[in-house]
Every structure is written in C-alpha cells, then in structure tokens.
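In what follows, a structure is listed as structure tokens, so that the remarks can point back to it.
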Amino acid sequence: MIPIFEPLFEGRERDLLRECIETGWISSQGRFIGEFEAAFARRAGMPFAVVTSSCTTALHLALEALEIGPGDEVICPDLTFIAPANMIRLTGATPVLVDIDPISWGIDPAAMRAALTPRTRAVIVVHAFGHPADMDPILAIAREGGLKVIEDVAEAPDALYRGRVVGTLGDLACYSFFANKIMTTGEGGMVICRDPALDQRLRILRDHGMSREQRYVHVLPGYNYRMTNMQAAIGLAQLERLDSIHARRNAQAALYAKRFKDNRRIAWRPAADWCRPVHWLATVTLAAPEWRDPLLAHLKDQDIEGRPMIFPVHEAAPYRAANNPNRFPVSRSISYRSLHLPSSTGLGDGAEVGRICDTVLEWLDRRQ
Ligand SMILES: Cc1ncc(COP(=O)(O)O)c(C=O)c1O
C-alpha cells in the first residue's frame with residue numbers, strides 16, 4: 001500500500017533524540033526547547049516563538065492571549081480542519097463561519113465583511129492546503145473593524161503571499177507539527193508573534209498560568225500545553241532540513257500537476273498568481289462529486305491510500321444548528337469533489353507518482 005503520508009527523518013533527529021534519553025532531559029525543560037523556538041523565530045523573521053503540544057493548543061493559547069471570550073465573535077473559514085472553530089468555542093466565544101474563495105480556498109473577503117457585527121473581535125485566517133489566503137483585503141477589513149488576526153499556518157509553512165511569508169502578516173500565527181505535516185515532531189505546535197506582552201501571556205498560559213518570576217505562583221488560569229524536549233529535538237532537526245523537504249515536495253507536486261493538466265474530469269489544486277504556495281497534501285478536485293468515493297475505493301483496491309477532503313465545518317454536529325448550509329456553496333462544492341493522493345516527502349521517484357496518476361486517469365477515462 002502506498003500510504004497517504006509518511007514522515008521522513010533524514011537529518012540529525014536520531015542523534016538529538018539520543019541526547020535527550022542519555023541526558024535524561026525528556027520533559028519540557030532542556031536545551032532543545034529554547035533552541036527550536038529561537039531557530040523557528042529566526043527563520044520566520046519574528047521576535048517570539050512559543051512551542052506547544054499541538055496546533056490545536058497553539059490556537060487556544062493565541063485566542064486566550066488575546067483575551068477572547070464569552071460574548072465575542074471570531075470569524076473562521078468554513079472549509080478547514082475543525083480545530084480553529086473548536087478552539088474559538090472553547091474560549092466561550094462564537095465561531096462565525098464564512099465561505100471560502102474558489103481559488104485560494106481561504107476566507108472569501110466579501111463573506112468576511114458581510115459577517116462583521118459589533119461583537120466581532122478577531123479572525124482566524126487558515127492558509128488552506130499549502131495556499132495563502134488573500135491577506136491584503138482580509139487585513140484591510142480587520143484593520144477597519146479593529147479585529148485581531150490569527151493566522152493558522154498548519155498546512156502552509158513558508159508559503160509566500162505577494163512576496164511576504166505567511167505567519168508574519170497578522171498578530172499571531174499557529175503551526176502544526178503532526179506527523180502528516182510538512183515538518184513534524186510527532187505531535188506539536190508553535191505560536192509566533194511580534195508583541196512581547198503576547199509572548200509573555202502565551203508562556204504563562206502554556207504553563208499552568210504560572211508567574212515567570214515566581215514558581216508556583218499562578219497569575220492566570222492556565223494549561224499544560226508544553227512540548228517535550230524530545231519533540232523539540234526532532235523539530236530542530238526537521239527545521240534544519242526544511243528547505244530540502246520543500247524542494248523534494250515541489251518536485252512531487254510538479255509531477256502530479258503535469259499529469260492532471262488540461263483534463264476536464266480532474267483538476268490539480270489551483271493557485272493564484274499572487275502567491276507562492278507550498279505543497280502539502282496532494283489534492284485534486286473532480287468534475288462530479290459522485291465519482292469521489294468509488295475512485296477512492298478503486299485506489300484502495302490498487303494498494304494506493306487516498307483520502308476524501310475534510311467536510312465543511314458547518315456540517316459538524318456542534319455547528320449544524322447555527323449555520324444555514326446555503327451560505328457555503330464554494331466550501332461545499334470543493335469539499336465534496338476533492339480528495340487527497342499519497343504525498344509523503346520520500347515518495348520514491350517519479351515512478352510511484354506515475355503509477356498513482358495512471359490509476360486515477362484510467363479510472364476517470366471510463367466515466368461518462
Ligand atoms: C488548518 C489546521 N489547523 C489546525 C490543525 C490541528 O493541528 P494539530 O493536529 O497539531 O492540533 C490542523 C491539522 O490538521 C490543520 O490542518
């Protein structure tokens with residue numbers, strides 16, 4: 001079976017991990033925590049980076065650092081992995097779902113503007129499936145409305161929006177290092193920001209609300225959202241190889257894109273000319289939604305693991321009652337017609353991608 005995504009450890013991961021075990025620094029203290037944060041901040045060109053146990057907890061910390069809570073509304077795209085909506089809800093605020101743009105698959109600025117109310121405090125902008133959201137209009141609307149901007153960069157680290165790297169355009173940005181992400185620590189996340197006061201709040205909230213000056217003096221109701229030194233060791237080694245990871249992944253994306261070009265039954269993930277996306281999960285969109293599940297079944301028969309795209313957030317049980325499905329035509333259309341193909345960084349040479357594409361295209365050729 002060709003898996004959908006396998007992590008790849010080609011750098012110093014084993015050596016750094018061995019150091020953690022041999023020195024006993026396996027919890028959330030130890031040199032790799034600070035080194036990973038510093039290296040990540042340096043690469044992003046941001047002053048502060050705070051490692052967390054996941055992107056989900058990073059999003060929660062970011063919202064809490066901004067003091068978002070009951071009575072507030074936070075805008076969030078409808079086509080995203082569900083964590084941003086769930087974390088808004090966890091703070092007691094209301095997630096306000098908006099439809100997406102058909103090319104970027106990020107927040108549609110017109111839908112964002114239409115969703116503003118006097119209670120809107122913030123927006124979580126997801127850079128979806130490797131592609132930046134259209135930040136200039138989103139930031140302009142946020143500025144006019146006095147909204148804070150959290151970028152969710154889980155799926156698009158290093159993508160460029162009009163020459164600027166995503167994650168540095170809003171107030172805070174959150175990253176994921178889950179095993180199927182472009183770089184991984186197993187589980188893990190990061191928040192980056194520019195404001196020293198936010199950095200301090202993030203650190204206090206991450207560690208049980210404990211004062212940074214006095215241990216066991218708790219100044220905020222906090223959490224344990226820390227990362228271990230072992231995860232940070234892996235993260236540091238992955239970060240050192242991130243450029244080479246992107247290069248290999250881009251080569252893979254080019255192979256896929258070439259095979260699906262100019263086909264009326266299937267389209268490779270589109271890209272706007274104002275950005276440089278990164279390649280996360282290989283994503284294709286079919287002309288007809290009813291083809292998706294039979295195609296996935298056929299791929300499975302051929303030992304190729306595919307995956308349907310995530311469902312729109314408004315369809316999930318906690319959000320269904322508050323959201324009329326007719327408000328999300330683009331999100332629904334993309335979600336129902338799209339699927340992911342194997343995308344591991346180490347996915348062989350062109351031969352494996354070739355076999356995957358042959359299998360997909362031969363099946364589609366038999367459709368009416
Ligand atoms: C856009 C987005 N946000 C958040 C997450 C949650 O990441 P984690 O698994 O690190 O909590 C994911 C994970 O897939 C994601 O794709």
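Heavy atoms only: backbone and side chains are in, while hydrogens, waters and symmetry mates are out. Both ligands and their constituent atoms are indexed starting at 1 by order of listing.
- Counting the atoms of ligand 1 from 1 in the order shown, those under 4.0 Å from a heavy atom of V126 are 1 (C).
- Residue F178 places no N or O, backbone or side chain, under 3.5 Å from any N or O of ligand 1.
- Under the ring pair (Phe, Tyr, Trp, His ring centres under 6.0 Å) criterion, Y319 pairs with no residue, sequence neighbours left out.
- Within the listing of ligand 1, atoms 10 (O), 11 (O) sit less than 4.0 angstrom from a heavy atom of S54.
- The line from CD1 of I75 to OG1 of T94 is 12.0 Å long, rounded to the nearest 0.5 Å.
- If you look at F129 and H340, their ring centroids are closer than 6.0 Å.
- Looking only at protein heavy atoms, the nearest one to atom 5 (C) of ligand 1 is F81 CD2, 3.5 Å.
- Among I234, N229, T228, the single residue meeting the side-chain contact (heavy atoms from CB on, under 4.5 Å) criterion with Q231 is T228.
- Taking the centre of each ring, H208 and Y223 stay at or above the 6.0 Å mark.
- Listed by number with element, the atoms of ligand 1 under 4.0 angstrom from any heavy atom of G188 are 10 (O).
- Near D152, meaning under 4.0 Å from one of its heavy atoms, ligand 1 places the atoms 1 (C), 2 (C), 3 (N), 4 (C).
- For atom 7 (O) of ligand 1, the closest heavy atom belonging to the protein is C55 CB, 3.3 Å.
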Item to complete: Start with the C-alpha distance between T345 and R249, add both sets of side-chain angles, then the distance that settles side chain to side chain donor-acceptor pair (under 3.5 Å), and finish with yes or no.
Response: CA-CA 6 Å; T345 304; R249 302 189 56 72; 3.0 Å; yes
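- For atom 11 (O) of ligand 1, the closest non-hydrogen atom of the protein is T56 OG1, 2.5 Å.
- Between D207 and R226 there is a salt bridge, since a side-chain N of the basic residue sits under 4.0 Å from a carboxylate O of the acidic one.
- For S176, a nitrogen or oxygen atom sits less than 3.5 Å from a nitrogen or oxygen atom of ligand 1, counting backbone and side chain alike.
- In this structure, atom 16 (O) of ligand 1 lies nearest to the protein heavy atom E155 OE2, 2.6 Å.
- Applying the ring pair (Phe, Tyr, Trp, His ring centres under 6.0 Å) test to W25 and every residue at least two apart in sequence or in another chain returns nothing.
- Atom 13 (C) of ligand 1 has K181 NZ, 3.0 Å as its closest protein atom, hydrogens excluded (heavy atom only).
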